[in-house]
Chemist: 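I'd like to ask you about the structure that follows.
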Amino acid sequence: MTSFSRAARALALLLAPVVLAQPLLAQQAPVTAAQPAPAVPAPVAVQAEGEVPWLYRGSDVPVDDKWLFGEMENGLRYAVRRNGVPPRQISIRVRVDAGSLHEQDSEQGYAHLLEHLLFRESQYLGQAEAISAWQRLGATFGSDANAETSPTHTVYKLDIPDISEAKLAESFKLLSGMIKAPVLNDANVAAERPIVLAEKRERGGAGERMADITRRTFFAGQRLATRNPIGTDETLRAANGADVKAFYERWYRPENTVIVVAGDADPMVLAGLVEQWFGDWKGTGKPGVAPDFGDPAAPAGAEQSPVSGTPIGELAVGVEADLPRSLTYAIMRPWRPVEDTIEYNEGLLLDAVAQSIINRRLESRARGGGSFLYAQVQQDDVSRSTDATFVTFAPLTDDWQAALADVRSVIADAITNPPTQEEIDREAAEFDVVFANEVEQESVQSGSSLADNVVNAVDIRETVAAPQVVLDVFRGMTDRLNPEEVLARTQALFEGVVTRSVYVTPAAGEADANALRLALASEAEVDGSARLAAESISFDELPPVGEPGTVVSQQALGVLEIEQIDFANGVKALVWANDAEPGRVTVRVRFGAGYRAFDADSAVYAPMGEAALVGSGLGELGQNEIDRLATGRKLGFDFSIDDAVFTLTAQTRSDDVADQLYLFAAKLGMPRWDPDPVIRAKAAAELAYNTYSTSPGGVLSRDLEYLATGRDPRFATPDPAALKTVTPEGFREVWEPLLKQGPIEVLVFGEFDKAAIVEQLRLTFGALAPREEIPAEVAARVPSFAATTEAPAVVTHRGDANQAAAVVAWPSGGGVASLRESRQLEILTQLFNNRLLEALREKAGASYSPQVFSNWPEDLPSGGRITALAQLEPEFVPVFFAEADRIAKDLAANPPTADELSRVTEPLAQLIRRASTGNQFWLYNLEGATTDPQRVALLRTLLADYSQTSPQVMQFLADRYFANGVPFRLAIIPEGQELAEAPAGGTAAVRGEMIGR
């Protein structure tokens, strides 16, 4: 069965109930482009066959001939290609070569402000109509319709699902109006400014302050030092329509623009649409001249590093009481455009291998009780401003000099002595499996990722290469992967024109620039003890999990070609062999009790388990041995704790899925209890704890689950006092019995030999000892809902005085029996989300991204919540509470309009249709089906449940969940402040004030 037929059958399964429902719901057909599509002219700017495409000029990298390139008379360049992943989607990217580095001093933030303004109003879209327009076309705002501004460019991103000729033409029309003819006036700047300032405020705080220090230090003397894309309060508040328009006219010009389109359509049609809608675009006014971004340079009289001979330049120490220690130093080199040749790329691959060798040694040192929690070396070309090698690490204590010396000693060995051939071969094997996997996955690479790849290549002035080309280049340079060449590339990585460094510490007086300079200027010891042992390990050498099990039942699940296999020991598996994603296999193992397993005494060990359980090893293998075992393979080992189950997940390959099953089964059947991962996880949690207090967003991450569940200790983030009680012995005492408890369900979806995998399941999971029952009192645990009062709960943060957050939560339900209702509830929460976004962002500018979401635990009979939250200024917290209450009451009292409903249901329907073409979708929706057959039956109504409803149903659900009782309210405000009072005159008066400012 081909991938297309498999996807078609999967979609047919979902679409069947929708087709039956259509006669009843015809009046709610999604709003799309109603007019017939205009004829698309044949493109005339397509580059001729045999002509070197504009992206590949000066390069000998083989052209990816799946792309069709064009250059128009007005200077606009484009690249288009056919791609059917997901089916019937078009991904459009418009890249303008203008970012924050192109701004004048008085224009800081204008590139990003302009990005917002293009969505505000344009030739074919009235004020604030863009979000609803793209929703009517099936796009989800924020994911399918979005944009980004960086120091070097601005990119507009659109992914339009369920494309038709009319929708495709409408999409290009609307987008062309945004790019070519935005409405840039004082009124629109005034309306959008509060939103941008809200975004800036939400990014602020300790982390942003340290980012500013880092940027100013590392890029001293360059434009990047003083050009943050978000801008400054002063320049944003001073912005007006004329000045923003002047920036637009300098940089938004066809010769500065590249359009990339990948999707399920004829490339000649896509090229014709680009030319049709952008061919008449002409720049207005005087074009901008790209400024010199500057080069890194050493200050006069800078002291030389005794290791590399590089002068030591600007240094900084940032003190933030709530941030953990971290130190970064960088060896800086000027960035220059390159000839993107095969030889150049071989050099990059050698650099990557060299860095991987060092990073593996640093990780080994950290695991073995080093003076740092983590350390990493990374070469990066930053914003066409510098080519730098960054060394970053986190000291475990205030003895940062010892940690720095420890890290530098590993690097000193790497630049003094060549690596062993085995080290090189090991890293090469890792790269080879990645590149080979990309070749296998090429047919299922999404159009959006392909389009993004071209945009990124344009940004760094390089090309794109097909996966097979990358693999061929890598395998063709085997003779260069030798100790001498890798040593030479390693040495070059640590040579430059200046070394700069920033140390972040919570303790004032712990360090200063002179101490940092002295430490960097000292001689580094050459220490080769972190080099990894040469011993290799094979799966063939590992002991069996147990006596092979017995298959007691193997039968069709009743959906697609999925089979359920039951073993005598109680393990149940769902197996689906299909070729929809060539070479890719997902393995998921569900077992045990999840969060139900913990109580007040053991709760601290839940997050410790997520961090350390995998690293603690299995059988005779510790983490380093597992790493060696995985060399040249694609194996995963993700562990998570869910509402009522523990989960092991891996993305693997057809060639490696049997070994993946062994690893997971061995973790449950013969776990190892190495202490070092627990000690390291404890140290990481201790270092990170105070960072939660630096912003309202951090406090939300730390406390929301805990507070919303009535201070259930299972959902508390462990504080330093709780962490002091953590020991490796206590970790084992808690987790060892949990690995033996509860039924096991294994899901294996992807391309593999089904008979061979069933046999491997028999040898691994089927060989495990019978499972222990989950105690009845544990199985009965469900999350509570916080006691509510009219006054909100208040907690504080230690971040900026202008930052706050607010939450409103309503209890809902749980369980599979009411799963169809939970899907309809998702529609209701999206309605709520749209209204809250309009009220707080579009009209008031009080919050950048308010959110409403629903959690419905399928594995528990109750414990669900609907949550609305926003980050905003402290004085607007009461406004948020009032707006959330107003929207909730209105939804309960009045049905939504048909148009409002369709702007939710159409994007939801398209999300499901696109997701259903991949194995992950089916795996997620069939989890638990081996013990609850309802999940299989409920698949048949999934699309209808998420996308078909009525205004009356929405009103009914709103009345059920919003109209009764008092919701839980939480305010997060700065330390030392009191919760603001509700504004006199109500929220409408405040909204009026905000609209006018």
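FYI, side chains are in, hydrogens and waters are out, and symmetry mates aren't considered; it's all heavy atoms of this structure.
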Chemist: Are Thr328 and Thr392 close enough that a side-chain donor and a side-chain acceptor fall under 3.5 Å?
Modeler: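 Looking only at side-chain atoms, Thr392 and Thr328 do form a donor-acceptor pair, the distance falling under 3.5 Å.
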Chemist: Distance-only, no hydrogens or angles: does the Arg333 side chain make a donor-acceptor pair with backbone N or O of Leu493 under 3.5 Å?
Modeler: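 Flag set: sc Arg333 to bb Leu493 pair under 3.5 Å.
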Chemist: Mind jotting down which residue pairs meet the ring-ring contact (aromatic ring centres under 6.0 Å, His included) criterion with at least one end in residues 199-235? Sequence neighbours excluded, please.
Modeler: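 Residue pairs with at least one partner in residues 199-235: Phe218-Phe390.
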Chemist: Will you find, in the side chains of Asn228 and Glu208, an N or O donor that is under 3.5 Å from an N or O acceptor?
Modeler: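 The criterion, which ignores hydrogens and geometry beyond distance, is satisfied for Glu208 and Asn228.
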Chemist: Check whether any side-chain heavy atom of Arg120 lies under 4.5 Å from a side-chain heavy atom of Glu842, and answer yes or no.
Modeler: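 Sidechains of Glu842 and Arg120: in contact.
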Chemist: Between the side chains of Asn345 and Glu462, is a donor N or O closer than 3.5 angstrom to an acceptor N or O?
Modeler: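 No, no side-chain donor-acceptor contact under 3.5 Å.
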Chemist: Under the rule for salt bridge (charged side-chain N to carboxylate O under 4.0 Å, His left out), what residues qualify as partners of Glu314, not counting sequence neighbours?
Modeler: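 Glu314 satisfies salt bridge (charged side-chain N to carboxylate O under 4.0 Å, His left out) with Arg500 only.
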Chemist: So, for Ala139 and Ile160, which heavy atoms are closest and what is the spacing to 0.1 Å?
Modeler: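 Nearest pair, atom of Ala139 first, then Ile160: CB-CD1, 4.3 Å.
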Chemist: Any donor-acceptor pair under 3.5 Å linking the side chain of Thr140 with the backbone of Ser143?
Modeler: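 Not at all, since once roles are kept as given, no pair shorter than 3.5 Å links the two residues.
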Chemist: Strictly by modelled atom types, are Ser383 and Ser385 linked by a side-chain donor-acceptor pair under 3.5 Å?
Modeler: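 Their side chains do not contain a donor-acceptor pair, so the 3.5 Å distance test is not met.
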Chemist: Residues two or more places apart in sequence or in another chain: which of them pass side chain to side chain donor-acceptor pair (under 3.5 Å) with Arg203?
Modeler: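 Arg203 satisfies side chain to side chain donor-acceptor pair (under 3.5 Å) with Glu199 only.
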Chemist: When you look at Trp277 and Phe172, which way does the ring-ring contact (aromatic ring centres under 6.0 Å, His included) test go after all the steps?
Modeler: CA-CA 7 Å; Trp277 291 102; Phe172 270 90; 8.1 Å; no
Chemist: Verify the distance criterion only: is there a donor paired with an acceptor across the side chains of Asp351 and Gln379 at less than 3.5 Å?
Modeler: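 Checked: Asp351/Gln379 side chains show no N/O donor-acceptor pair below 3.5 Å.
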Chemist: Sequence neighbours excluded, which residues qualify as salt bridge (charged side-chain N to carboxylate O under 4.0 Å, His left out) partners of Lys173?
Modeler: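 Listed in chain order: nothing, the list is empty.
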Chemist: For residues Val377 and Gln355, report the shortest heavy-atom separation together with the two atoms involved.
Modeler: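 Heavy-atom minimum between the residues: O-OE1, 3.8 Å.
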Chemist: I'd like to know if the side chain of Arg517 reaches the main chain of Ile312, judged simply by a donor and an acceptor atom lying under 3.5 Å from each other, with no hydrogens or angles considered.
Modeler: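 No, because the side chain of Arg517 does not come within donor-acceptor range (under 3.5 Å) of the backbone of Ile312.
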Chemist: Do Asp212 and Arg209 meet the salt-bridge criterion of a basic N to acidic O distance under 4.0 Å?
Modeler: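 No, Arg209 and Asp212 are not salt-bridged.
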Chemist: Hey, does the side chain of Asn456 reach the backbone of Asp452 with a donor-acceptor pair shorter than 3.5 angstrom?
Modeler: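 Side chain of Asn456 to backbone of Asp452: a pair is present.
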Chemist: Decide yes or no for Trp281 and Ile179: does some side-chain heavy atom of the first lie under 4.5 Å from some side-chain heavy atom of the second?
Modeler: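 Trp281 vs Ile179: side chains touch.
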Chemist: Run the salt bridge (charged side-chain N to carboxylate O under 4.0 Å, His left out) test on Asp387 and Arg336 for me, step by step, so that the C-alpha distance in whole Å, both residues' side-chain angles and the decisive distance to 0.1 Å come before the verdict.
Modeler: CA-CA 8 Å; Asp387 165 12; Arg336 294 291 182 268; over 6 Å; no
Chemist: Could you please spell out the steps behind the side chain to side chain donor-acceptor pair (under 3.5 Å) verdict for Asn188 and Gln127?
Modeler: CA-CA 8 Å; Asn188 282 338; Gln127 285 194 353; 3.2 Å; yes
Chemist: Determine whether a donor-acceptor pair (N or O, by modelled atom type, separation under 3.5 Å) exists between the side chain of Arg223 and the backbone of Glu103.
Modeler: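 Yes.
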Chemist: So, do Val244 and Leu114 sit near enough that their side-chain heavy atoms are less than 4.5 Å apart?
Modeler: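 Yes, side chains in contact.
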Chemist: Whether the Asp459 and Thr152 side chains hold a donor-acceptor pair (N or O, under 3.5 Å, no angle test) is what I'd like checked.
Modeler: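 Yes, because at least one side-chain N or O of Asp459 sits under 3.5 Å from a partner of the opposite role on Thr152.
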Chemist: Give a yes or no on whether a salt bridge exists between Asp800 and Arg201, defined as a side-chain N under 4.0 angstrom from a carboxylate O.
Modeler: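 No, Asp800 and Arg201 are not salt-bridged.
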Chemist: Using distance alone, with no hydrogens and no angle criterion, decide if Asp243 and Asn240 have a side-chain donor and acceptor under 3.5 Å apart.
Modeler: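 Indeed, the side chains of Asp243 and Asn240 share at least one donor-acceptor pair under 3.5 Å.
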Chemist: Can you see which heavy atom on Arg93 is nearest to which on Ala451, and at what distance?
Modeler: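 Closest approach of Arg93 to Ala451: CG-CB, 3.7 Å.
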Chemist: Is it true that Asp322 and Thr691 share a donor-acceptor pair across their side chains at a distance under 3.5 Å?
Modeler: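 Per modelled atom types, Thr691 and Asp322 side chains form no pair under 3.5 Å.
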Chemist: My understanding is that only residues two or more places apart in sequence, or in another chain, count here; which of them pass salt bridge (charged side-chain N to carboxylate O under 4.0 Å, His left out) with Arg77?
Modeler: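 Expected list: none.
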Chemist: Within a 6.0 Å radius of atom CD on Gln123, are there more than 12 heavy atoms belonging to other residues, nucleotides or ligands?
Modeler: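 Yes, because the 6.0 Å sphere around CD of Gln123 holds more than 12 heavy atoms from other groups.
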Chemist: Between Asp97 and Arg461, is the closest basic N to carboxylate O distance under 4.0 Å?
Modeler: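 Yes.
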Chemist: I need the Asp144 CG to Leu137 CG distance, nearest 0.5 Å.
Modeler: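 Those atoms lie 11.0 Å apart.
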Chemist: Quick one: pull up OG in Ser849 and CD in Gln871 and give me the separation to the nearest 0.5 Å.
Modeler: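 Reported value, rounded in 0.5 Å steps: 7.0 Å.
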Chemist: Under a 3.5 Å threshold, yes or no: a donor from one side chain and an acceptor from the other, between Tyr78 and Glu275?
Modeler: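 Yes, because at least one side-chain N or O of Tyr78 sits under 3.5 Å from a partner of the opposite role on Glu275.
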Chemist: Tell me whether Arg227 is salt-bridged to Asp105, with the criterion being a basic N under 4.0 Å from an acidic carboxylate O.
Modeler: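 Salt bridge present between Arg227 and Asp105.
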Chemist: What verdict does the side-chain contact (heavy atoms from CB on, under 4.5 Å) test give for Leu840 and Phe880, after you've listed the backbone C-alpha separation in whole Å, the side-chain angles of each residue and the deciding distance to 0.1 Å?
Modeler: CA-CA 8 Å; Leu840 291 180; Phe880 169 83; 3.5 Å; yes
Chemist: How long is the straight-line distance from CG of Leu175 back to OH of Tyr156, given to the nearest 0.5 Å?
Modeler: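 With rounding to 0.5 Å, OH (Tyr156) is 9.5 Å from CG (Leu175).
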Chemist: Less than 3.5 Å apart, any donor N or O on the side chain of Asp340 or Thr463 sitting next to an acceptor on the other?
Modeler: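 Looking only at side-chain atoms, Thr463 and Asp340 do form a donor-acceptor pair, the distance falling under 3.5 Å.
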Chemist: What is the distance from atom CZ of Phe247 to atom OH of Tyr110, rounded to the nearest 0.5 Å?
Modeler: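 Nearest 0.5 Å value for the CZ-OH distance: 10.0 Å.
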Chemist: Could you grab the distance from atom CZ of Phe494 to atom CD1 of Ile331, nearest 0.5 Å is fine?
Modeler: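 Reported to 0.5 Å precision, the distance equals 5.5 Å.
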Chemist: Any salt bridge linking Glu115 with Lys157? Criterion: basic side-chain nitrogen under 4.0 Å from a carboxylate oxygen.
Modeler: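 No.
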Chemist: Apply side-chain contact (heavy atoms from CB on, under 4.5 Å) to the pair Val458 and Arg95, showing each step before the final yes or no.
Modeler: CA-CA 9 Å; Val458 174; Arg95 180 192 180 276; 3.8 Å; yes
Chemist: Determine yes or no for a side-chain-to-main-chain donor-acceptor pair under 3.5 angstrom, with Gln851 supplying the side chain and Asn833 the backbone.
Modeler: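 No; zero donor-acceptor contacts below 3.5 Å.
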Chemist: Strictly by modelled atom types, are Thr232 and Thr235 linked by a side-chain donor-acceptor pair under 3.5 Å?
Modeler: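 There is such a pair (donor and acceptor under 3.5 Å, judged by atom type) between the side chains of Thr232 and Thr235.
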Chemist: Between Ile230 and Thr149, does a side-chain contact (heavy atoms from CB on, under 4.5 Å) hold up when you go through it step by step?
Modeler: CA-CA 9 Å; Ile230 198 64; Thr149 303; over 6 Å; no
Chemist: Start with the C-alpha distance between Thr694 and Glu320, add both sets of side-chain angles, then the distance that settles side-chain contact (heavy atoms from CB on, under 4.5 Å), and finish with yes or no.
Modeler: CA-CA 9 Å; Thr694 60; Glu320 285 288 347; over 6 Å; no
Chemist: Quick one: do the Gln222 and Asp295 side chains pair a donor with an acceptor below 3.5 Å?
Modeler: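 Note: Gln222 and Asp295 side chains miss the donor-acceptor criterion.
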Chemist: Where does the angle between the aromatic ring planes of His112 and His116 fall among parallel (under 30°), tilted (30 to 60°) and perpendicular (over 60°)?
Modeler: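 Rings of His112 and His116: perpendicular, over 60°.
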Chemist: Who passes salt bridge (charged side-chain N to carboxylate O under 4.0 Å, His left out) against Asp380, sequence neighbours left out?
Modeler: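 Salt bridge (charged side-chain N to carboxylate O under 4.0 Å, His left out) list for Asp380, sorted by chain: empty.
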Chemist: Do you know which two heavy atoms are closest between Val317 and Ala513, and how far apart they sit?
Modeler: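 Looks like CG2-N, 4.1 Å.
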Chemist: When you look at Arg57 and Glu71, which way does the salt bridge (charged side-chain N to carboxylate O under 4.0 Å, His left out) test go after all the steps?
Modeler: CA-CA 13 Å; Arg57 288 175 188 149; Glu71 284 188 283; 2.4 Å; yes
Chemist: Atom CD of Glu249 and atom NZ of Lys286: how far apart are they, to the nearest 0.5 Å?
Modeler: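 So the CD of Glu249 and the NZ of Lys286 are separated by 13.5 Å.
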